[in-house]
Amino acid sequence: MSIEIVKGDLTRQGDVEAIVNAANRSLLGGGGVDGAIHRAAGPELLAECRTLNGCATGEAKLTGAYRLPCRYVIHTVGPIWQGGGHGEAELLAKCYQSCIRLASEHGIPSVAFPSISTGAYRYPLEQAAAIAVGAVKDAMAQCAPELKVRFVLFDDRTYDAYRRALDSCRKD
Ligand code: AR6
């Protein structure tokens with residue numbers, strides 16, 4: 001199974017077919033990685049997003065990538081952290097599963113993910129990293145064993161958390 005992690009900028013991944021946007025339910029842009037993706041893709045991305053009627057938390061929708069160096073953007077909406085008793089873990093896992101299912105349905109061979117929900121949505125990082133790695137592994141085993149997945153993490157703290165999650169997952 002191919003899962004790698006790198007530190008870097010998701011908008012500069014030219015050797016993957018799709019990148020995942022940590023969006024909000026409107027799909028009409030925002031800050032963080034969402035803002036960076038819309039800035040790099042250009043206004044055509046927002047125009048296409050306007051036709052999608054938003055996206056429910058945990059679901060995913062596909063668009064073109066316009067001026068980005070990849071081919072597609074998969075938009076998903078992570079849960080806002082509300083203390084952990086509001087189904088946040090299930091919803092976060094569902095984001096990764098929905099993205100991988102969508103990639104598989106469209107024959108997309110490679111996908112790069114950011115750390116969904118751990119920025120503006122304040123999901124605790126260690127927990128989010130463990131859920132992300134576990135959900136990706138399960139979804140790949142279920143429907144996309146050939147998919148190449150990369151996590152692109154923006155800072156050392158996030159990179160280190162995903163490194164630990166991946167290491168402890170490989171020991172299982
Ligand atoms: N490349 C990779 N990772 C990035 C980049 C980048 N260019 N920029 C930021 N990150 P966030 P969320 C990291 O807040 O928590 C938006 O306003 C960032 O350091 O982007 O799911 C949306 O519109 C963090 O580790 O997403 C929503 O309203 C991770 O990406 C809301 O934020 C996620 O942080 C979604 O919040």
Side-chain angles (χ1 to χ4, degrees), residues 1-6 9-30 32-38 40-42 44-80 87-119 121 123 128-153 162 165-166 169:
M1 211 177 269
S2 174
I3 304 177
E4 63 168 354
I5 64 167
V6 301
D9 184 339
L10 190 65
T11 65
R12 297 184 177 232
Q13 308 296 307
D15 57 345
V16 292
E17 186 109 332
I19 63 170
V20 172
N21 185 13
N24 58 59
R25 287 189 296 178
S26 76
L27 296 185
L28 299 181
V33 73
D34 191 8
I37 286 172
H38 276 275
E44 297 90 345
L45 178 60
L46 183 58
E48 185 175 358
C49 284
R50 284 192 198 286
T51 68
L52 298 178
N53 296 314
C55 182
T57 305
E59 305 286 334
K61 293 194 176 178
L62 187 77
T63 67
Y66 303 96
R67 291 172 221 179
L68 283 158
C70 53
R71 191 154 165 212
Y72 299 106
V73 179
I74 298 173
H75 306 262
T76 190
V77 183
I80 298 171
E88 292 96 325
E90 292 75 15
L91 288 167
L92 186 59
K94 195 174 166 205
C95 285
Y96 290 96
Q97 287 154 4
S98 300
C99 291
I100 287 176
R101 194 175 323 115
L102 199 57
S104 147
E105 284 165 7
H106 289 266
I108 293 171
S110 51
V111 178
F113 284 95
S115 175
I116 298 166
S117 283
T118 64
Y121 283 178
Y123 207 109
I131 290 167
V133 169
V136 162
K137 233 176 127 179
D138 289 350
M140 284 171 75
Q142 252 178 32
C143 69
E146 307 293 319
L147 186 69
K148 288 183 168 36
V149 171
R150 179 183 299 163
F151 287 101
V152 181
L153 294 329
Y162 277 73
L166 199 55
C169 197

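- None of Cys55, Ser26, Ser117 except one satisfies the side chain to side chain contact (heavy atoms under 4.5 Å, CB included) rule with Val77; the exception is Cys55.
- Side-chain N or O atoms of Ser110 include one that pairs as donor or acceptor with a backbone N or O of Glu17 at under 3.5 Å.
- Here the side chain of Lys61 pairs no donor or acceptor atom with the backbone of Leu27 at under 3.5 angstrom.
- A side-chain donor-acceptor contact under 3.5 Å links Ser98 to the backbone of Gly58.
- At distances below 3.5 Å, at least one donor-acceptor pair connects side-chain atoms of Tyr96 with backbone N or O atoms of Ile116.
- With hydrogens and angles ignored, the 3.5 Å screen pairs no side-chain donor or acceptor of Thr76 with any backbone N or O of Ala22.
- His75 pairs in a side chain to side chain contact (heavy atoms under 4.5 Å, CB included) with only one of the listed residues (Asn24, Val20, Leu45, Leu62), which is Leu45.
- Rounding to the nearest 0.5 Å places CD of Gln142 at 10.0 Å from CD1 of Ile100.
- Judged by distance alone, the side chain of Glu48 and the main-chain N or O of Gly64 form a donor-acceptor pair under 3.5 Å.
- Of all the heavy atoms in Phe151 and Pro114, the pair that sits closest is CD2-O, 4.4 Å.
- With hydrogens and angles disregarded, no donor-acceptor distance shorter than 3.5 Å links the side chain of Ser115 to the backbone of Leu153.
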Task: Test salt bridge (charged side-chain N to carboxylate O under 4.0 Å, His left out) applied to Arg67 and Glu44, step by step - done: CA-CA 9 Å; Arg67 291 172 221 179; Glu44 297 90 345; 3.1 Å; yes
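- With a 4.5 Å cut-off on side-chain heavy atoms, Leu147 and Val111 count as touching.
- Looking at Ser104, its side chain does come within 3.5 Å of a backbone N or O of Cys143 through a donor-acceptor pair.
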Open item on the list: Assess the residue pair His106 and Ile74 against the criterion (side-chain contact (heavy atoms from CB on, under 4.5 Å)); give the C-alpha distance rounded to whole Å, side-chain angles, the decisive distance to 0.1 Å, and a yes or no.
Closed with: CA-CA 11 Å; His106 289 266; Ile74 298 173; over 6 Å; no
